[in-house]
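Just so it is clear: chains get the letters A, B, ... in the order the sequence lines come, proteins before strands, and each one is counted from 1.
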Amino acid sequence: MGYNFNEIEQKWQQRWRDNKTYRVVENSEKEKFYVLNMFPYPSGAGLHVGHPLGYIASDIFARFKRLQGYNVLNPMGYDAYGLPAEQYAIQTGQHPAITTEQNINRYREQLDKIGFCFDWDREIRTCDPEYYHWTQWAFIKMFNHYYDNTTKSSRPISELVEKLSKEGSANIDAACTKEVNISAAEWNAMNEKEQQELLMNWRIAFLNETMVNWCPQLGTVLANDEVVDGVSERGGFPVVQKKMKQWCLRVSAYAQRLLDGLDKIDWTDSLKETQRNWIGRSEGTEMQFRIKDSDIEFTIFTTRADTVFGVTFMVLAPESELVAQLTTAEQKEAVEAYLDRTKKRTERERMIDRNVTGVFTGSYAINPLTGENIPVWVSDYVLAGYGTGAIMAVPAHDSRDYAFAKHFGIEIRPLIEGCDVSEESFDAKEGIMTNSPTAAFAACKLHLNGLTVKEAIAATKKYVTDNNLGRVKVNYRLRDAIFSRQRYWGEPFPIYYKNGIPTPIPEECLPLELPEVEKFLPTESGEPPLGHAKMWAWDCVNNCVTNKENINNETIFPLELNTMPGFAGSSAYYLRYMDPRNNKALVSKEADNYWQNVDLYVGGTEHATGHLIYSRFWNMFLFDLGVSVKEEPFQKLVNQGMIQGRSNFVYRIKDTNTFVSLNLAKDYDVTPLHVDVNIVSNDVLDIDAFRAWRPEYADAEFILENDKYICGWAVEKMSKSMFNVVNPDTIVEKYGADTLRLYEMFLGPVEQSKPWDTNGIDGCHRFLRKLWGMFFDKNDNYIVTDEAATKEELKSLHKLIKKTTEDIPAFSYNTTVSAFMICVNELSSLKCNKKEILEKIVILLAPFAPHISEELWEITGHTTSVCDAEWPAFNEEFLKEDTIKYTISFNGKARFTLEFAADATNADIEATVLADENSQRYIDGKPIKKVIIVPKKIVNVVI
RNA sequence: GCGCCUGUGGCGAAAUUGGUAGACGCGCCAGACUUAGGAUCUGGUGUUGAGAGACGUGUAGGUUCGAGUCCUAUCAGGCGCACCA
């Protein structure tokens, strides 16, 4: 019978379920280890062979840590709310709750077959009210907090209110939407609605009328990370800029902490770099410019304060409020025409079209240093959302300003010695400054001539600060996250509108459950589907949801109609896994103190600027509140590579039903066609299967080479349309889950993207059969003995122990699998069937191939699970050689070989080499001067 | 444009971190056992050469007794950010 993997795997999967082998409880006696995968959004397509890669990798790690004696948390759940789940439901014409449930069941079935050690008792789903209770709770907390820049943490909004009522805004240094100057008297004179509206300026979760990414086809607004190249990440639909009132999260308040935190965590440099780019810290200067013949003053931001003498025009973003104020009567028509034109363009059109456009406002600004008059223009190359939405333009040293100046014939004034600006601007931040105005500008005492750019920037900053012309400022590219979606399938906001004032429902009334609606489809006009919900008003007396027909203006108010975006539920889920059934708190203090944060997080890079920013932000906020004990949620992060598809092609001769084999195809006029990879083996087509595959190929003819039809191949995305999707279920059925697990790891480094190629899988399968063959002979007789192991056998074993113990923590799984194969090859050629050796190998293999390991563990006479075994320690003694061969080489070429005792010292070796008759102290007739000894390998000589 | 990463046989990839390439697996070749085999087992397999040997880690230099590994330049591919002032 041999190795019957199907039977073995089903048996053990059942036992693990029945015995709850992988259930984990807090245990202060044991050290914890928290392994986490990015939980999946359960798509309708089910798993393909690429999806489990990260799960297998982390499962191996989790099992390894458990064998080493750690208390390992390795949970799994589903990111079930959000756009993808809802889009799928819409496409299939079903309710998202139904499709989500179906998809989850399908996922679970597929996952179970692969033999993961997840503690399913801790499963969470983001669309489960018990779960989103705490998403809503966190939102209320954010609503009730502001970010204090002095303590660098979130504080209760009540503290801010108290300050405002006593001191006004004078002593407030807090993250805000707009700088506000208000006295205590003014604050106290405001009515409640006015006060509440002003407080939005500081809340971490706040309502704001702002330019947003509006996607008409999806019928919702999107966050910046959900828009790629001007189209929606999901679906690829056009996105336009639109001013809308939306809930936002003040992520920008945490920009600096998000940046600093990167130094404390163990992530790849490239991912940290991506986040640094996204946060986009830029240090510069803000300067005030006055408008000639007016009291209007405005602020610009620049990183090149040193170029202030080269400013020949100013530019405002079209959306800037200053445009209207600065436009003169003569320019009014031209400016309005320009604004009209820019407004109509989508984000994408603006990105593609880089032609220089702009219009003069008619106003002049005064250079605060020189007193010069500078024309103020409007152009869409200046962005409203960054800096102050206004710039000083220095065409000599900024390529965009240069293009603009050339186009409109504005002066270009170089400031750096020897730079040539006749053809292009000199953007580099290097060189020696020149052309500083001297006698002509008596007002200005700043002279930069002779300084380097760096010195000049510093000098100008100092001058500007000292003379009250501006201030040093740090800007971030990171924007606040737009948090509302005009969609159905998401967490409802726990907010009602009491006379227009957004008010959180009491925390003890959470969760606020998603209501049933008749029509959940999104609309192009942006009317949220929750508008159709009948039971969608808040009764402040009975503290419950009620029919919206009951709305009155005293006790029953309308509830918020928007829902939260996909990232809301995925931002703090790792905390919930610690204590998933707690209905008193997101996570209990005890559980949080025990599990702390995620030690190893495994997932794809595609979340670099979305989920991985949001959850760091969310966790930092909870950290400020004292809810989370660690400021960074994910200590170590490993990005598994994407598994691509490996497509196969057949070549049909044009206008025929004849197919020609790959290497003969060049002689014909052929059309390459994708063919299902499941009917191709080692690029050889199964002709009968091909004829049966599709009716039109039933009578296909073939031109063969060596009696075979060879297919072409290419690496492409794994997708149904390319017929290159490989389903893990098929592999499990044919080879078993253990083989699948081994092979996925053997394919190459986990972090690397690589194509899936089922061809190599036999090697891994053979290895398991070989291992099985060490326990049973051909007639299924148990052949393991209690004899003592030989030195050679022990050496082979300990080599493997050392390799696995060192390579698993380094995530070097492909070489570990190789090491298993080498070891088993060695032992089987030694005809080793000693229990002492074999049962150790079974433990070592358990993380990779848990089913066969359990089976063999039981067969060798153990009654407990192999999961509870102890990871073997290696003994260096067994690894030592008696003698070591050294190659004596000169100039990199081997001359002769000498053998030394393993414990020979360098001095011994050197003495022997110098005295050896082969060398006779001479090489090529010259005496040896020096001997360089490389441990265990080579002796290099110098003559 | 700025930043990050990667280039090794027919293929996936190793290389004790500067130690004398290509481990392991696939594929291919030969042999054994088989009525048969897309099964199993054994051996071979970087290129070139009859041969000892010579040449080989994208390309060109450099450092070193010694370079896939370090330095400089360059080419190719991938990723991130991008009218961010």
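With its glycosidic angle within 90° of 0, G9(B) is assigned syn. Glycosidic conformation at U64(B) (O4'-C1'-N9-C4 for purines, O4'-C1'-N1-C2 for pyrimidines): anti, more than 90° from 0.
Separating the C1' atom of G66(B) from that of U17(B) is a span of 15 Å, rounded to the nearest Å. Using atom P as the reference point in both G62(B) and A14(B), the two lie 31 Å apart (nearest Å). With both ends at atom P, the span from U20(B) to A73(B) equals 29 Å, rounded to whole Å. To the nearest whole angstrom, the two P atoms, one in G7(B) and one in U57(B), are 14 Å apart. For the C1' atoms, the distance linking G19(B) with G68(B) amounts to 13 Å, nearest Å. Taking the P atoms as reference points, C79(B) lies 26 Å from U69(B), given to the whole Å. Atom name P, nucleotides A67(B) and G61(B): the rounded distance is 14 Å, in whole Å. For the C1' atom pair drawn from C24(B) and C75(B), the interatomic distance equals 32 Å after rounding to whole Å.
Pro755(A) comes within 4.0 angstrom of nothing in the nucleic acid, heavy atoms only. Val315(A) comes within 4.0 angstrom of nothing in the nucleic acid, heavy atoms only. When heavy atoms are screened at a 4.0 angstrom cut-off, Leu747(A) is found touching the sugar-phosphate backbone but no base atom. Residue contacts shown for Arg769(A) are limited to sugar-phosphate atoms, with no base heavy atom under 4.0 Å away.
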Practice prompt. Could you go through the side-chain hydrogen bond (donor to acceptor under 3.5 Å, both in side chains) check for Tyr338(A) and Thr357(A) one step at a time?
Written response: CA-CA 9 Å; Tyr338(A) 182 73; Thr357(A) 61; 2.7 Å; yes
Discussion item. Could you walk me through whether Ser425(A) and Asp398(A) satisfy the side-chain hydrogen bond (donor to acceptor under 3.5 Å, both in side chains) test, starting with their C-alpha distance in whole Å, then the side-chain angles of each, then the deciding distance to 0.1 Å, before giving a yes or no?
Written reply: CA-CA 6 Å; Ser425(A) 60; Asp398(A) 182 286; over 6 Å; no
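Between Phe820(A) atom CZ and A14(B) atom P the separation is 17 Å, expressed in whole Å. One atom, CH2 of Trp756(A), and another, C1' of G12(B), lie 12 Å apart when rounded to the nearest Å. For Asn224(A) and C81(B), the CG to P distance is 11 Å, given to the nearest whole Å. Distance, Lys754(A) NZ to U6(B) C1': 14 Å, rounded to whole Å. Rounded to a whole Å, the OH atom of Tyr402(A) is 17 Å from the P atom of G1(B). Atoms CG (Asn277(A)) and C1' (C2(B)) sit 8 Å apart, rounded to a whole Å. Rounded to a whole Å, the NZ atom of Lys406(A) is 19 Å from the C1' atom of C83(B). For Ile300(A) and A85(B), the CD1 to P distance is 12 Å, given to the nearest whole Å.
Within the 4.0 Å cut-off from OP1 or OP2 of A85(B), not a single side-chain nitrogen or oxygen of Tyr381(A) is found. Distances shown here put every side-chain N or O of Arg477(A) at or beyond 4.0 Å from the OP1 or OP2 atom of C81(B). Neither OP1 nor OP2 of G80(B) sits under 4.0 Å from any side-chain N or O of Gln275(A). Close to C4(B), at under 4.0 Å from its OP1 or OP2, lies no side-chain N or O of Arg276(A).
At least one cation-pi condition fails for Arg616(A) and Trp278(A): the charged atom is not both under 6.0 angstrom from the six-membered ring centre and inside a 45 degree cone around its axis.
Between Asp427(A) and Arg304(A), no side-chain nitrogen of the basic residue sits less than 4.0 Å from a carboxylate oxygen of the acidic one, so the salt-bridge criterion is not met. Checked for salt-bridge contact, Asp263(A) and Arg276(A) meet the test: a charged N lies under 4.0 Å from a carboxylate O.
Here the shortest heavy-atom pairing between Ile783(A) and Gly773(A) reads CD1-O, 3.9 Å.
RNA chain B is contacted by both Thr274(A) and Gly387(A); Thr274(A) maps to the nucleotide lying nearer its 5′ end (nearest heavy atom per residue). Position along RNA chain B of the nearest nucleotide to Trp278(A) versus Ser753(A) favours Ser753(A) as the more 5'-ward residue.
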Protein-nucleotides 73-78 of chain B N/O pairs closer than 3.5 Å?
none

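In the model, Thr342(A) has no side-chain atom that pairs as donor or acceptor with a side-chain atom of Asp380(A) under 3.5 Å.
In this structure, Thr739(A) and Lys734(A) have side chains that are not in contact, with every pair of non-hydrogen atoms separated by 4.5 Å or more. Between Thr804(A) and Phe820(A), the closest side-chain pair of non-hydrogen atoms falls below 4.5 Å.
Between Phe313(A) and Phe404(A), a ring centre-to-centre spacing shorter than 6.0 Å is recorded. A distance below 6.0 Å separates the ring centres of Phe690(A) and Phe702(A).
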Worksheet item: Tell me, for nucleotides 23-28 of chain B in 5' to 3' order, what letter each nucleotide earns: B for a base near a protein heavy atom under 4.0 Å, S for only sugar-phosphate near one, - for neither?
Response: BBSSS-
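The backbone N or O of Ser681(A) sits nowhere less than 3.5 Å from a side-chain atom of Asn759(A) that would complete a donor-acceptor pair.
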